[in-house]
Amino acid sequence: MNIPKELKYSKDHEWVKVEGNVAIIGVTDFAQSQLGDVVFVELPDELSTVKVGDSFSVIESVKAVSDIYAPVSGKIVKVNQALTDSPDLINQEPYGEGWIVVIEMSDSSELDDLLDSDAYAQLAAEGGH
Amino acid sequence: MTVKQTPLYETHLRYGGRIVEFGGWSLPVQYTGIKNEHQTVRTKAGVFDVSHMGEVVVNGPDALAFLQRLVTNDVSKLERNQILYTPMCYKHGGTVDDLLVYKKDADHYLLVINAANIEKDWNWMRENAEEFDVNLTNISNETAQIALQGPLSETIVSKLTDAPLSELKYYWFMPEIDIAGKKVLLSRTGYTGEDGFEIYCCPDDATYLWDTIMEVGRPLGLLPAGLGCRDTLRFEVCFPLYGHELSADISPIEAGLGIFVKLDKGEFNGQGTLQEQKTNGPKRRIVGFEMIDRGVARAEYPILVEGSYVGVVTTGTYAPSLDKNLGLGIIQAEYAKVGQKIDIEIRGKNVSAQVISKPFYKREGK
């Protein structure tokens, strides 16, 4: 299972890549493997605001419907429209072309509550709970 | 409730199956991925563990009379070694279960019932058997079942038996044949819309048979297949799933299974209601629909026409063979015509869809 060292992780299986005051968000390799074949992604509106823990997107696999929760608060400044036609990018490149949104963070101290790759690896090894 | 394991539980782990709980059983939802397994069954073959299904033996001089009362299809038409698909109804016409009836002899039948319904069916059968001279035996725990499904099924099984498989027609069975040296009952049945077999065996033989089938089938592309693709496969051919398209609240006529309801065969449970529904048309029907706007319909989502509630989704998912988001739902009969525009309420939003004809997928040839 791929858990890049340079990313931060939420307990809900989102990854966060910090670039200055923005955070790129996606779901982890572990999460996509658990979801199975992704067939639909409901994306949020650009410029909408989210708070930590808000469900801002829904990923549907063949059998399951899963909410995606905001790991940080802020404004959604970019949405990955490629997922509209190719939702399976989430399976193929969860950390690359399968990214979901970019959030302009309103409180970067929230990043301290996220897991590092070692802590996330342990969470995933325990079955993800 | 304790979650039960089939005799193949360890085998599933060995083959990389991802285990989930389904109707009280621990079973693999997938191995390599639902879409991949689905396409493999459609184009090559897949092997499924269906040992969780229930089996009840009916024997005795009144076996036929009892079954004729119990189920809606006409069991008297069966020949020895032939199989009948039939709903089983309550007196009010709702469905207790849908099942297969295997005729072993004039006074000896095998019923194959849904796993989640075993106890309910058993009680219902016992209650109905009181006025008949029959013996019922629940052999569910002593029976394992492996389904091999897909166009290469016959090629694969033929490598393991001398039995004349090409002579075995759809919905017929061989009561006792050797497969890989084990005695099994083999039927040409399945729930995927593809050609295939179901193998009933002793639980102790299940792992050996599974491994041997995989060994001879793997070079031809055979894969182990899980519950996930079993559902997408049966959904594409619009076979009903109990608890979704059939239930105590949904009659076989409403489900579009009228051809399995024989009103002229003599008295049976639910006959009055089913006769009335067949004559006047049911008030609700199961329809197939295709999403027009983006979204995946799921079971229990409301179906609306011009803002009014007209029914509910019974199964909805992505259909891998068709690359479309499709659904089945039960709606008021006046909206059941092909081409009817409907909305599916998905997470509070109305997403447009359209009634289309069933089945969504039909295999070519045999």
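On a predicted model such as this, the values are computed, not experimentally measured, just so you know. Chain letters run A, B, ... following the sequence lines, proteins first, then strands; residues in each count from 1.
Residues of residues 93-117 of chain A having a heavy atom under 4.5 Å from any heavy atom of chain B: none.
In this view, L257(B) and Y85(B), P87(B), P240(B), L246(B), P252(B), A255(B), F260(B) satisfy the side chain to side chain contact (heavy atoms under 4.5 Å, CB included) rule, not counting sequence neighbours. The salt bridge (charged side-chain N to carboxylate O under 4.0 Å, His left out) test applied to E19(A) returns K17(A), not counting sequence neighbours.
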Please list every donor-acceptor pair closer than 3.5 Å that links chain A with chain B, giving the two atom names and the distance for each.
from   : atom 1 : to      : atom 2 : distance (Å)
S33(A) : O      : R18(B)  : NH2    : 2.2
Q34(A) : O      : R18(B)  : NH1    : 2.7
D37(A) : OD2    : I34(B)  : N      : 3.2
D37(A) : OD2    : K35(B)  : N      : 2.7
E42(A) : OE1    : R347(B) : NE     : 3.2
E42(A) : OE1    : R347(B) : NH2    : 2.8
E60(A) : OE1    : R298(B) : NE     : 2.8
E60(A) : OE1    : R298(B) : NH2    : 2.8
E60(A) : OE2    : R347(B) : NH1    : 3.1
E60(A) : OE2    : R347(B) : NH2    : 3.1
S61(A) : O      : R298(B) : NH2    : 2.7
V62(A) : O      : R298(B) : NH1    : 2.9
V62(A) : O      : T317(B) : OG1    : 2.7
K63(A) : NZ     : D231(B) : OD2    : 2.9
A64(A) : O      : R298(B) : NH2    : 3.3
T84(A) : O      : R294(B) : NH1    : 2.9

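With a 4.5 Å cut-off on non-hydrogen atoms, V41(A) touches chain B through its backbone but not through its side chain.
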